[in-house]
Structures are given as structure tokens and as C-alpha cells.
Amino acid sequence: MLQKGWGSIFDHHLYNQPALYAVIGDPVVHSMSPDIHNASFKALGIKARYESIRISKENLLEGVRTLTDKGFKGFNVTIPHKVEMVQIVDEIDPLAKKIGAINTVGVENGKLIGYNTDGPGFLKGLQQFYKQDLLKANVLIIGAGGAARAIVMTLVSNGVSRLTVANRTIEKASNLFVNCEQKGQALTINEAEACLEQFDLIINTTPIGMEPNKDKMPILLENAKQKTYVCDIIYNPLQTNLLTKALEKGCHVQNGVPMFVYQAAMSFEYWTGRKPDLEKMTEIVNTRLLQK
Ligand code: ATR
């Protein structure tokens, strides 16, 4: 356990310093998290500051110790530390444990508590716009990495039962269901393309659609039915090639902005107990990405 020393408590009360938060990762320089968290602190009158801090893979433990010594109250965790953080925290939320990755840490009485808001953030964003019954939906997830795992575990935990994972490496797609209470189907990308008409919801979790694979497609949509809901968790660019092609086919589309905003909002709520303005957060993200 990382004890908070008298010094930091004394300093905090005496000088009424802002509460400190951060996103740690490598790289973090382009993160939009400081923009949306700092705007939310300001809007709610919370005296706090959120910064991005680069911590390399080799220095993770030492870096986290420095943050707690300095009295940070919480931090987000991004690439490449989400899985390793599971070994560092004192307590882990059950869903984060199932996912095997942490993107949010709260420091409570010197103890580090790990959460995962990526999966639940994705689900909340989906529920805001997807108006069909998710429990009955036939869902295809493309990709089998960390993001896919967060989404699959969250969907299963929320009762979604018709799940297929398609991946370039099919073994990784099958592995996703190994420690999962709900079994699903694993397919190659070609196999999924051939039977695409059966899916109501298609979710891309691969990096295909952003630089340097901006012009590529994670899956070809020839056999998708009209009115299929196509989701990309990529938010930069705001409209990937996949979403452009899906719109041409008459599908409904959703980009990665809602997931990004909801995962941030859920972290913010864990730390402060307050609800940030989601519309304001969304506007900040969209404005920044449109300026590019
Ligand atoms: P994340 O944590 O963001 O999910 P990841 O764990 O590296 O990232 O997973 C990336 C996923 O995108 C993987 O499923 C990967 O496929 P493999 O399992 O076959 O490696 C997939 N992916 C990445 N680049 C790809 C490419 N150029 N073509 C096809 N699939 C790709």
C-alpha cells in the first residue's frame, strides 16, 4: 500500500492546492483527456488540475509511486500500461479484473483502486444511439485485442448473448471466449464477410481506419444488410473509411467519440462523485478533431 504522508495532507489543507489528476501513458502528448477533464472541473467549480504525464514501460511502478507521493487523487491509464496496471493496484473492480486491463485508477486513503471504463463507456455511448434491443442483437466484433476484450466482457456482463469475434488471427478471436461465461463464435475476416447479412451490429476495434491505415477497411461491407448499425471505436478521423462505406450502403453509423467521452465521464464520476457535462465534452473533442 502506498501511504499518504502527513506532508501532503498538511500542504493540501494549508495552501488549498488543486486536487491533481493525470493520464499516464507513452505517448500521451496528443491526448485530449486534459482538455475535457479540465473544462469539466472548471464548469463544476472543482479546484483540480489534470495533466498528461509520459511514463515509459520500464518506469511504470516508479512513475506511479511518484504520483501518489505527490498526492494525485486519480489517473487514467493508456497505452502501453493498461494490462500491467492490474499488477500494481491494491484493489481491482470485478469487471476490470474480467477484462484484464485498467484505464482508471482512484487513490483512496493511499490505496490504488483500479477500474475499467472503456467497456462500460462504449456500452453507454452505444445505448445513447442504438435504439433496438441489444439483448436480441446479433453482434459482430472485429479485432481481438485489448479494446475488443473490454467490449466483449462488458456486453456479456450486460446480457448480450449473440456474439461473434472476427480477427486476422483467428486463435486470438477464440481465446477471447476462453475465460468468458458466455461462449461466442470466432471467425476469420473472410468468413465474417461472407455471412455479414446476419449481423445487426458491427463494431470495429482494430486500428484499421486511422493513420497509417487510414484508407483501408477492417472488413468489406458488400454483404451487410441495409439498416445494420456500424460502429467504429476510432475517433480520429471522425469518419473512417468503414463508416463512409457503411453510410453509402444505408447503414446507421457511430464513431468513437461517444465511447471516448463516456469513458472519461465515468472516470470523472469515480474521482469526484459529480457528473460532467457530456455535451460540452463532446463539443470539445469534435472541435479539436475538426481543426486538424
Ligand atoms: P487494442 O488494445 O487497441 O485493442 P491490440 O491489442 O494491439 O490493440 O489489438 C489490435 C487488434 O487489431 C488485433 O485484433 C489485431 O489483429 P491480430 O490479432 O491478428 O494482430 C488487429 N489488427 C491490427 N492491425 C491490423 C491489420 N493491419 N490488419 C488486420 N488486423 C489488424
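Keep in mind the model is a prediction, meaning the values are calculated, not measured.
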Within the distance-only criterion (no hydrogens, no angle test), does the side chain of Lys275 pair as donor or acceptor with the backbone N or O of Phe268 below 3.5 angstrom? no
Asn116 side chain to Ala101 main-chain N or O, any donor-acceptor pair under 3.5 Å? yes
Using the six-membered ring wherever Trp is involved, compare the ring planes of Tyr270 and Tyr115 and label them parallel, tilted or perpendicular (cut-offs 30° and 60°). parallel
Could Lys82 and Glu84 be called an ion pair, given the rule that one side-chain N must be under 4.0 Å from one carboxylate O? no
Presence of salt bridge, Lys280 and Asp277, under 4.0 angstrom: no
Set out, in order, the CA-CA distance, both residues' side-chain angles and the distance that settles side chain to side chain donor-acceptor pair (under 3.5 Å) for Asn175 and Lys172, then state yes or no. CA-CA 5 Å; Asn175 280 343; Lys172 274 177 81 180; over 6 Å; no
Using the six-membered ring wherever Trp is involved, compare the ring planes of Trp271 and Tyr50 and label them parallel, tilted or perpendicular (cut-offs 30° and 60°). tilted
Closer than 4.0 angstrom, basic N to acidic O: yes or no for Lys225 and Asp200? yes
Minimum heavy-atom distance between Gly25 and Thr78, given as atom pair plus value: CA-CG2, 3.8 Å
Please check: side-chain N/O of Ser40 versus main-chain N/O of Ile36, any donor-acceptor pairing under 3.5 Å? yes
So among Asp232, Thr205, Ile189, which one has a side chain to side chain contact (heavy atoms under 4.5 Å, CB included) with Ile142? Ile189
For Asn103 and Asn76, indicate whether the former's side chain and the latter's backbone hold a donor-acceptor pair under 3.5 Å. no
Look at the side chain of Asn241 and the backbone N and O of Gly209, then say whether any donor-acceptor pair between them is shorter than 3.5 Å. no
Please check: side-chain N/O of Ser31 versus main-chain N/O of Val28, any donor-acceptor pairing under 3.5 Å? no
